[in-house]
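Here is the structure we will look at, set down as structure tokens.
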2 protein chains.
Amino acid sequence: MSIEKVARFAGVSTATVSRVLNGYKGVRPATRERVLAAIAACQYQPNLLARQLRTSQSRMLLVLVSNIINPFCSRVVRGIEAEAEAHGYHILLCNSDSQTQRESAYLTLLSGKVVDGVITMDAASNLPELRKMIGDSPWIQCAEGNPDMTGSSVTIDNQQAARKAVQHLAQRGRRRIAMINGDPRYFYAQQRESGYRSALAELDLPWSGVEYANEVECEAGFAAMKRLLEAEEPPDAVFTVSDVLAVGAMHCARQHQLTIPQDLAVLGFDGLPWSAMLSPPLSTLEQPMHQLGTRSVQLLLQRIKNPLAPQVHERLPCQLVARASS
Amino acid sequence: MSIEKVARFAGVSTATVSRVLNGYKGVRPATRERVLAAIAACQYQPNLLARQLRTSQSRMLLVLVSNIINPFCSRVVRGIEAEAEAHGYHILLCNSDSQTQRESAYLTLLSGKVVDGVITMDAASNLPELRKMIGDSPWIQCAEGNPDMTGSSVTIDNQQAARKAVQHLAQRGRRRIAMINGDPRYFYAQQRESGYRSALAELDLPWSGVEYANEVECEAGFAAMKRLLEAEEPPDAVFTVSDVLAVGAMHCARQHQLTIPQDLAVLGFDGLPWSAMLSPPLSTLEQPMHQLGTRSVQLLLQRIKNPLAPQVHERLPCQLVARASS
DNA sequence: CTGTTAGCGCTTTCAG
DNA sequence: CTGAAAGCGCTAACAG
């Protein structure tokens, strides 16, 4: 069931079969019919690998995330996939767990021509060795990425978002605002922490407290909150870097007999749909998750089409949704 | 930077370069060194596409899920990816949204030799046209799949799990136990509903009420609960087919001034980590999500290695975790 | 131990 | 409008 058999069956050359397969115009209707019939008769299925090798394009995109279990990631990936599919591309998913070794293993698919480009949602850009592997292959950093560096990116303004968070909490009368941050190797985590600190300074709030969650799971949020609450001077508000962490933080507060928001105000991040349905409903900074994904694909495809396209750093809007938890 | 250039550079044949690349033993250390040096000098990166075409194996697995946003799916996929990676395989992710057309578009990657096998978490097995596309390519159905049909599967005993759910709720004194089910095109949904109804019958509970959520999102759970609560005879307990739906159901109950579990007992499904941290903590049927994924890969790889391996239908255990919501 | 050679299945000039 | 033929880059017999 190769193209040759079909050709023999139809009594034409392989070139002609290829032409009808790819919908070229210059084929006499009669022969086209004959070829089509042969294809059906042979139950022919093109070998995509061979085609990809020959045309040197796979129409596949590599998506490197730290962990698809993070609902923020899965929603962005959904956007990526939707847009990719709309342009006839497929996606290869890789969970790196932020392990350099795994990331580089996946990046060989890039140099190996198995994928036409890559979207990273990981801290890859911070590692010179990975940047080197990517070389100047088409690459977009999504929801992470330092504009001062090379490589296009589409993100929100993380520093600004964190400032909004602190300002909101301060407006509600909170004085000891803590932060539960993510892995500080991420640029987004650095930015949010910097925004947090600068807002605190501007508002003349001397108290600060930052704890790091080792992963984006509610248990990690719980543990971080515990450390915060059992410190000498516990916070009266907490800003977490993910709604998932906020769930853990809220649970911990309840275990400590604290009422939300009276005793502790809680503010999440991401804007996952279920944040509105928690008890109490969670205030959060809503990220345009789907759009982060679709836009990344648009820029990536643009880059694939024209490798010389200029690098861009897009910033998508992010807004605070105030609810009962703060 | 093809293998030929490296060969020329090292003064050997392409065969020898290929040999050292693939770690064959029969190469004199001296030549091996020379080749290695040439590879480094040329910054050679093997074209994986060419290799895949030649060896006719891509070491890629297609994973067909309805929607990666469902946390149950993302956790299973995590298991799939972990096991796949451990065996040197990569995964191609497809969100089908249960649209036949999209599923079949992805399945061409199977016939096109882009992937060596497929794991479906979708209702694909229920559609003859898709089964035909899969043909006898290596295929495992994960968390879904009718044992009466061809095609190996690894699932839990959905019928049994639903019975446990009803029994638990009845034991707690509930008489009007409702169910919020998923898309009834899924075999798992059919099985759970059948388990629900048979348990009700066995317990002599005449009241029943089933609503269907059109997607696994909390909003859908909310809407379904609303229909249930606004009916003439509202339930005093509800069993949802996913923890995500339970979040919506609980929120709806609160809006209706109902206290959980006094006025309404709630029981979820899946056992997502954050279910324990809701307020009140959610009782749920815990599925072995990670294992569902890893086991599927094991069976699939077995099948890829030996296409004649017998079909199996594995059932993994699932247990009820009782918490404050019921 | 190493080289020669024949493809994997497809697309794409270049002739006719 | 159609065919012949040259590869894409790699692996794997088969010789030597």
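Scope of the values below: all heavy atoms of this structure, side chains included, with no hydrogens, waters or symmetry mates.
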(request) Grab the CZ-P distance between A:Arg32 and D:dT2 for me, whole Å please. (result) 10 Å
(request) Establish, from distance only, whether the side-chain atoms of B:Glu83 and B:Gln298 form a donor-acceptor pair under 3.5 Å. (result) yes
(message) Categorize B:Gly112 for me: base, sugar-phosphate, or nothing, with a 4.0 angstrom heavy-atom threshold over every strand shown.
(response) nothing
(request) When you get a sec, tell me which of C:dT12, D:dA12, C:dT2 is the closest nucleotide to the side chain of A:Ser18? (result) C:dT12
(request) Would you kindly compare B:Arg28 and A:Val17 by the position of their nearest DNA chain C nucleotide and give the one closer to the 5′ end? (result) B:Arg28
(message) Under 4.0 Å, heavy atom to any atom of DNA chain D: which of residues 48-59 of chain B qualify?
(response) B:Ala50, B:Arg51, B:Arg54, B:Thr55
(request) Take atom CG of A:Asn22 and atom P of C:dT13, then tell me their distance rounded to the nearest Å. (result) 13 Å
(message) Can you identify which nucleotide, out of D:dC1, C:dG9, D:dG3, has its nearest atom closest to the A:Thr31 side chain?
(response) D:dC1
(message) Side chains of B:Ser58 and B:Asp116 only: does a donor on one sit below 3.5 Å from an acceptor on the other?
(response) yes
(request) Could you check B:Tyr44 against A:Lys25 and say which one's nearest nucleotide on DNA chain D is further toward the 5' end? (result) A:Lys25
(message) Can you identify which nucleotide, out of D:dT11, C:dC1, D:dA4, has its nearest atom closest to the B:Leu21 side chain?
(response) D:dT11
(request) Answer yes if the side chains of B:Tyr24 and B:Ser18 hold a donor-acceptor pair under 3.5 Å, and no otherwise. (result) no
(message) Of the listed nucleotides (D:dT11, D:dA13, C:dC10), which one gets closest to any side-chain atom of B:Ile3?
(response) D:dT11
(message) Counting only side-chain heavy atoms from C-beta out, which of C:dT2, D:dC1, D:dA4 sits nearest to A:Ala15?
(response) D:dA4
(request) May I have the distance from B:Asn47 (atom CG) to D:dC8 (atom C1'), rounded to whole angstrom? (result) 8 Å
(request) Take the protein atom CZ of A:Arg34 and the nucleotide atom P of D:dC1, then report the distance between them rounded to whole Å. (result) 14 Å
(message) Taking the minimum atom-to-atom distance to the side chain of B:Arg19, which one of D:dA4, D:dC10, C:dT2 wins?
(response) C:dT2
(request) Looking only at side-chain atoms of B:Val12, point me to the closest of C:dG9, C:dG3, C:dC1. (result) C:dG3
(message) Rounding to an integer number of Å, can you tell me how far A:Glu4 CD sits from C:dC8 P?
(response) 8 Å
(request) Please answer whether the main-chain N or O of B:Pro184 pairs with a side-chain N or O of B:Gln190 as donor and acceptor at a distance below 3.5 Å. (result) yes
(message) Using the side-chain heavy atoms of A:Tyr24, tell me which of these nucleotides is nearest: D:dC10, D:dG3, C:dT12.
(response) C:dT12
(message) Test side chain to side chain contact (heavy atoms under 4.5 Å, CB included) on A:Tyr89 and A:Ile304; report intermediate values, then the result.
(response) CA-CA 12 Å; A:Tyr89 278 75; A:Ile304 289 172; 4.2 Å; yes
(message) Taking only side-chain N and O atoms of B:Ser13, does any of them lie within less than 4.0 angstrom of OP1 or OP2 on C:dT2?
(response) no
(message) Donor-acceptor check, side chain of B:Glu314 to backbone of B:Thr155, threshold 3.5 angstrom: yes or no?
(response) no
(message) How long is the straight-line distance from CD1 of A:Ile91 back to CD1 of A:Ile119, given to the nearest 0.5 Å?
(response) 8.0 Å
